[in-house]
Amino acid sequence: MAAAVRIFLLVLLLLGPGGWGQAEPPRDSLREELVITPLPSGDVAATFQFRTRWDSELQREWVSHYRLFPKALGQLISKYSLRELHLSLTQGFWRTRYWGTPFLQAPSGAELWAWFQETVTDVDESWKELSNVLSGIFCASLNFIDSTNTVTPTASFKPLGLANGTDHSFLRYAVLPREVVCTENLTPWKKLLPCSSKAGLSVLLKADRLFHTSYHSQAVHIRPVCRNARCTSVSWELRQTLSVVFDAFVTGQGKKDWSLFRMFSRTLTEPCPLALESRVYVDITSYGQDNETLEVYPPPLTTYQDVILGTRKTYAVYDLLDAAVVSNSRSLNIQLKWKRPPENEAPPVPFLYAQRYVSGYGLQSGELSTLLYNTHPYRAFPVLLLDSVPWYLRLYVHTLTITSKGKENKPSERSPQPAPPPPLPLHVPQHLSSQGYIHYQPAQDRMQPHLLEMLIQLPANSITKVSIQFERALLKWTEYTPDPNHGFYVSPSVLSALVPSVVAAKPGDWEESPLFNSLFPVSDSSSYFVRLYTEPLLVSLPTPDFSMPYNVVCLTCTVVAVCYGSFYNLLTRTFQIEEPRKGGLAKRLANLVRRARGVPPL
Amino acid sequence: MVDTCFLSQGLTTLAGLLLLPFGSLAASQIEDQAEQFFRSGHTNNWAVLVCTSRFWFNYRHVANTLSVYRSVKRLGIPDSHIVLMLADDMACNPRNPKPATVYSHKNMELNVYGDDVEVDYRSYEVTVENFLRVLTGRIPSSTPRSKRLLSDDRSNILIYMTGHGGNGFLKFQDSEEITNIELADAFEQMWQKRRYNELLFIIDTCQGASMYERFYSPNIMALASSQVGEDSLSHQPDPAVGVHLMDRYTFYVLEFLEEINPASQTNMNDLFQVCPKSLCVSTPGHRTDLFQRDPKNVLITDFFGSVRKVEITTETLSLQPDSGVIESSYKKDQMVEELMEPLKYAEQLPVAQIIHQWSCMNVRVGL
């Protein structure tokens with residue numbers, strides 16, 4: 001190794017500055033992409049993805065020359081021996097029922113999960129330092145991540161990149177549902193982009209428009225990927241994604257037409273000069289056949305058709321590197337106009353969506369319920385449900401029940417009568433029933449939260465309810481937040497599922513397909529992997545009266561002063577006989593005046 | 001011709017005679033310039049801006065802090081030298097009718113939040129303990145750099161605090177207080193550790209003057225928005241936002257600072273006159289007995305800006321390229337030899353493997 005280095009340097013010296021000055025193909029590349037999807041409910045979703053691929057081995061050698069890959073993240077990977085890092089900051093909630101399956105959903109608040117390399121000796125120590133460093137980079141209070149909200153999932157969150165083995169002891173996952181996302185998180189995120197917010201698609205990222213939305217999610221994903229189709233060497237991929245959902249009715253004053261300028265108050269003028277590819281995709285699927293319903297302006301030069309999330313979709317493609325689309329004299333403002341208002345038809349329902357809620361009354365006990373909906377007419381599929389519940393909600397696992405209510409699918413009847421099969425309760429952990437498998441790790445007070453992972457087979461066309469009862473604990477008075485009457489958050493459940501596709505997907509090369517198609521590795525073309533999150537829950541804990549210590553001090557001191565003081569006076573006071581005062585009228589008048597003045601009498 | 005020559009000679013001698021006193025005047029001007037150059041002993045500027053109030057109706061405290069942040073950034077202090085602590089989020093609060101904005105003037109004239117803001121301590125992190133740790137430098141080792149006050153003995157530090165306060169204390173987030181004695185002791189610790197050259201302390205709370213009564217360390221100048229026994233009042237409500245946007249004292253300080261640019265020569269005496277009783281209703285106070293320089297010699301930009309003393313030179317320096325140094329320090333990323341067997345991606349939901357893994361784990365636990 002050392003000899004090779006010496007020969008290498010010798011060759012460099014012999015070649016001289018001429019050899020060193022030769023242009024070398026850069027080893028990192030940037031692709032940026034924006035996908036605009038009109039949602040069934042009338043809103044518009046926009047997903048930005050900026051992907052930097054770096055053909056380098058960060059682990060083995062000392063790297064000092066950073067070009068497109070940000071140095072802050074590169075140093076993080078090598079210092080903490082990370083294999084994968086996923087951080088997302090989200091405001092709002094993705095309504096899968098009305099908006100369809102998302103490309104990549106994130107839970108409300110902050111979510112951080114990381115896979116460490118197998119060489120790390122103390123994973124918890126590295127995890128703590130990693131969350132502190134990230135809190136400084138992204139101006140988020142990620143330093144609140146500690147052992148009370150970190151879990152080690154045993155089956156969910158498999159690595160999204162290349163993996164040798166999957167020993168889950170090197171995985172850590174934490175969610176902070178209370179985390180606020182605002183411009184101060186967007187600012188450092190934008191500064192990590194190679195073109196910052198000066199050129200390319202990132203000029204559209206203006207905070208006052210991006211936060212006036214129903215859903216705002218920004219994320220950073222770092223993982224190792226295949227460098228070529230044969231996959232014999234490894235590159236590092238950094239994806240920065242930002243998804244927003246604009247409420248078309250609020251921002252568009254009632255009309256469903258939208259344009260880039262109306263959404264972002266900017267138009268696209270040039271691609272990022274450092275980018276290899278810079279494209280805008282507009283989803284024109286449902287309206288492809290019937291051109292009378294809508295019109296996309298300017299008309300696209302190319303279209304892209306592929307199987308995305310199980311269904312065949314068509315996208316209009318605008319390539320910013322093409323001079324015909326964007327040039328010095330012409331900026332790109334994509335507009336969608338509805339020529340004829342669409343008929344009122346029921347929006348298509350996704351095959352899998354979920355809902356979660358807390359029920360019960362009072363401040364002592366309650367019940368957590370998760371409803372999983374499988375709307376596929378004939379296929380059943382498995383779902384992996386991960387629940388991480390804070391320690392102060394004491395779960396009673398013997399009350400865990402999983403029931404499925406199926407609807408009989410009778411096409412002959414107009415309104416089918418549901419004949420619910422008898423519920424199948426699952427008791428844990430005595431035996432493993434055919435309904436589901438459970439892994440449960442109980443909580444330890446003030447040390448770790450509950451971890452409940454369930455593998456449930458959802459029957460076709462059914463609603464499955466998973467419910468568990470809990471009891472609320474009383475915290476020590478210093479453990480309450482400054483606003484305890486707001487409530488305490490329970491982090492969202494994570495559903496990982498392989499949903500059957502309507503159309504089989506062809507596994508393609510990741511470098512050829514657009515970025516939104518290469519988020520999750522595809523192993524089986526008959527189903528696609530999806531990770532959904534439920535709502536976070538807000539639970540009230542019994543809150544003490546924080547003014548009580550002050551009240552107690554006042555009361556005790558008063559009682560002590562009155563009782564003890566009186567006894568002390570009685571015991572120690574001496575009494576003396578006072579001579580009666582002799583004096584004339586003048587003296588008495590003078591005394592009256594003096595008493596009125598508050599001065600002692602003569 | 002000769003006459004003009006004579007005349008020109010005479011003129012030059014006359015000019016020479018006239019310029020002699022100017023020459024000595026120029027010498028004294030150079031002395032003045034040199035004195036100005038070394039007027040203030042600081043080489044870098046830091047700012048610690050703290051808002052201690054939580055909840056939507058305390059919007060004005062966040063707007064106060066952000067307006068000082070905005071001025072300080074505009075006058076040159078970079079984000080890496082500013083520690084901004086906001087106890088609650090107003091810009092992306094669900095009650096804010098205009099998300100990602102914080103206004104200081106009604107009718108939404110001035111958005112002090114802007115597009116390029118970096119908040120170092122937010123929400124529950126703004127506690128008395130964290131504030132004192134930032135000031136004294138006794139921070140856990142894992143704290144990131146942006147959350148530290150890395151000042152040295154040549155730093156001028158501006159400390160601005162706002163919130164609800166009383167006689168001798170300032171309330172942090174409705175749950176704890178910092179007293180004026182603790183603050184004075186923290187400044188003394190900073191002085192002992194030589195963490196500042198000069199310190200400007202501004203506080204905008206009710207009875208703010210009580211907070212600087214107990215200072216005893218040298219080189220501290222303090223301003224407060226009201227005397228002991230007086231309340232600091234808020235400026236104006238905005239009907240669209242629904243709350244009061246700013247406090248009076250900081251509003252007029254902001255208007256004063258908007259006139260300042262990095263080259264201005266305004267001094268501290270002007271800042272003391274900023275909000276007279278007619279505008280502020282309360283009586284702003286200041287304390288300069290611990291400060292060594294005369295306030296009329298202290299520029300506003302000594303604390304609010306980051307003005308570097310530069311000397312322009314017209315000499316040129318040519319640098320010799322040293323090829324040996326360049327090549328040995330830039331080690332090329334070596335191409336890694338290709339691996340023998342191809343790697344693959346992990347399967348995201350391997351059902352059979354999960355079932356097997358869990359049944360083994362359950363068996364091991366003895367269920």
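Every chain is numbered from 1 and lettered A, B, ... according to where its sequence line falls, protein lines coming before strand lines. Because the structure is a prediction, the values reported are computed rather than measured.
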J.: Which atom names give the shortest non-hydrogen contact between A:S141 and B:R122, and what distance separates them?
T.: N-NE, 4.2 Å
J.: How far apart are the closest heavy atoms of A:F211 and B:C92, and which atoms are they?
T.: CD2-SG, 3.9 Å
J.: Given that the side chain runs from C-beta out, which part of B:S146 has a heavy atom under 4.5 Å from chain A: side chain, backbone, both or neither?
T.: side chain
J.: I'd like to know which of A:F546, A:F144, A:F157 tops the heavy-atom pair count under 4.5 Å against chain B.
T.: A:F144
J.: With only heavy atoms counted, which part of B:D89 is less than 4.5 Å from chain A, the side chain, the backbone, both or neither?
T.: side chain
J.: Under 30°, 30 to 60°, or over 60°: which ring-plane class applies to A:H439 and B:W358, parallel, tilted or perpendicular?
T.: parallel
J.: Once rounded to the nearest 0.5 Å, what's the spacing between atom SG of A:C139 and atom OH of B:Y121?
T.: 12.0 Å
J.: Would you mind reporting whether A:P382 and B:V351 have side-chain heavy atoms less than 4.5 Å apart?
T.: yes
J.: Give the intermediate values and the outcome of side-chain contact (heavy atoms from CB on, under 4.5 Å) for residues A:Y437 and B:S359.
T.: CA-CA 9 Å; A:Y437 297 86; B:S359 54; over 6 Å; no
J.: Can you tell me how far the SG atom of A:C182 sits from the CE atom of B:M90, to the nearest 0.5 Å?
T.: 11.5 Å
J.: When only heavy atoms count and the cut-off is under 4.5 Å, which of residues 66-74 of chain B reach chain A?
T.: none
J.: Can you see which heavy atom on A:E184 is nearest to which on B:E118, and at what distance?
T.: CB-CA, 4.2 Å
J.: Could A:K190 and B:D116 be called an ion pair, given the rule that one side-chain N must be under 4.0 Å from one carboxylate O?
T.: no
J.: Just by distance, with hydrogens left out, do B:Y124 and A:D483 show a side-chain donor and acceptor under 3.5 Å apart?
T.: yes
J.: Against chain A, label B:P350 side chain, backbone, both or neither, depending on which of its atoms sit under 4.5 Å from a heavy atom there.
T.: side chain
J.: Is B:K147 in contact with chain A via its backbone, its side chain, both, or neither, using a 4.5 Å heavy-atom distance?
T.: side chain
J.: Can you give me every donor-acceptor pair (side chain of residues 98-111 of chain B, partner residue at least two apart or in another chain, under 3.5 Å) with its distance?
T.:
residue: B:T101; atom: OG1; partner: B:K98; partner atom: O; Å: 2.5
residue: B:N111; atom: OD1; partner: B:V102; partner atom: N; Å: 3.1
residue: B:N111; atom: OD1; partner: B:Y113; partner atom: N; Å: 3.0

J.: Run the salt bridge (charged side-chain N to carboxylate O under 4.0 Å, His left out) check on B:E347 and A:K158 step by step: do they pass?
T.: CA-CA 7 Å; B:E347 206 184 318; A:K158 296 273 184 226; over 6 Å; no
J.: On a heavy-atom basis, which atom in B:Q357 and which in A:T154 lie closest, and how many Å separate them?
T.: NE2-O, 3.2 Å
J.: For B:F55, which atoms come within 4.5 Å of any heavy atom of chain A: side chain, backbone, both, or neither?
T.: side chain
J.: Using a cut-off of under 4.5 Å on heavy-atom pairs, state which of A:D208, A:N143, A:T166, A:T213 scores highest against chain B.
T.: A:N143
J.: Looking at B:A346 and A:P521, what are the two nearest heavy atoms and their distance?
T.: O-CG, 4.1 Å
J.: Given that the side chain runs from C-beta out, which part of A:L160 has a heavy atom under 4.5 Å from chain B: side chain, backbone, both or neither?
T.: both
J.: Let me see the working for B:L349 and A:L384 under side-chain contact (heavy atoms from CB on, under 4.5 Å), right down to the final yes or no.
T.: CA-CA 8 Å; B:L349 192 63; A:L384 185 58; 3.7 Å; yes
J.: Does A:C226 reach the side chain of B:Y345, with side-chain heavy atoms less than 4.5 Å apart?
T.: yes
J.: Is atom CG of A:D167 surrounded by more than 12 heavy atoms (other residues, nucleotides or ligands) closer than 6.0 Å?
T.: yes
J.: Quick check on the interface: out of A:H216, A:E129, A:H486, A:E179, who has the most heavy-atom pairs with chain B under 4.5 Å?
T.: A:E179
J.: Given side-chain contact (heavy atoms from CB on, under 4.5 Å), test B:I355 with A:L455 step by step and report yes or no.
T.: CA-CA 8 Å; B:I355 295 172; A:L455 185 63; 3.7 Å; yes
J.: With only heavy atoms counted, which part of B:I354 is less than 4.5 Å from chain A, the side chain, the backbone, both or neither?
T.: side chain
J.: Let's test your reading of the structure: which of A:K128, A:R178, A:K206 forms the most heavy-atom pairs below 4.5 Å with chain B?
T.: A:R178
J.: Which atoms of A:A140 are under 4.5 Å from chain B, going by heavy atoms: the side chain, the backbone, both sets, or neither?
T.: both
J.: Which region of A:V181, side chain (C-beta onward) or backbone (N, CA, C, O), has a non-hydrogen atom less than 4.5 Å from a non-hydrogen atom of chain B, or is it both or neither?
T.: backbone
J.: Does the side chain of A:T183 come within less than 4.5 Å of B:D115's, by heavy atoms?
T.: yes
J.: Name the member of A:K191, A:R223, A:Q91 that forms the most heavy-atom pairs with chain B at distances under 4.5 Å.
T.: A:K191
J.: When you measure from the side chain of B:R145 to the backbone of A:G136, do you find a donor-acceptor pair of N or O atoms at a distance under 3.5 Å?
T.: no
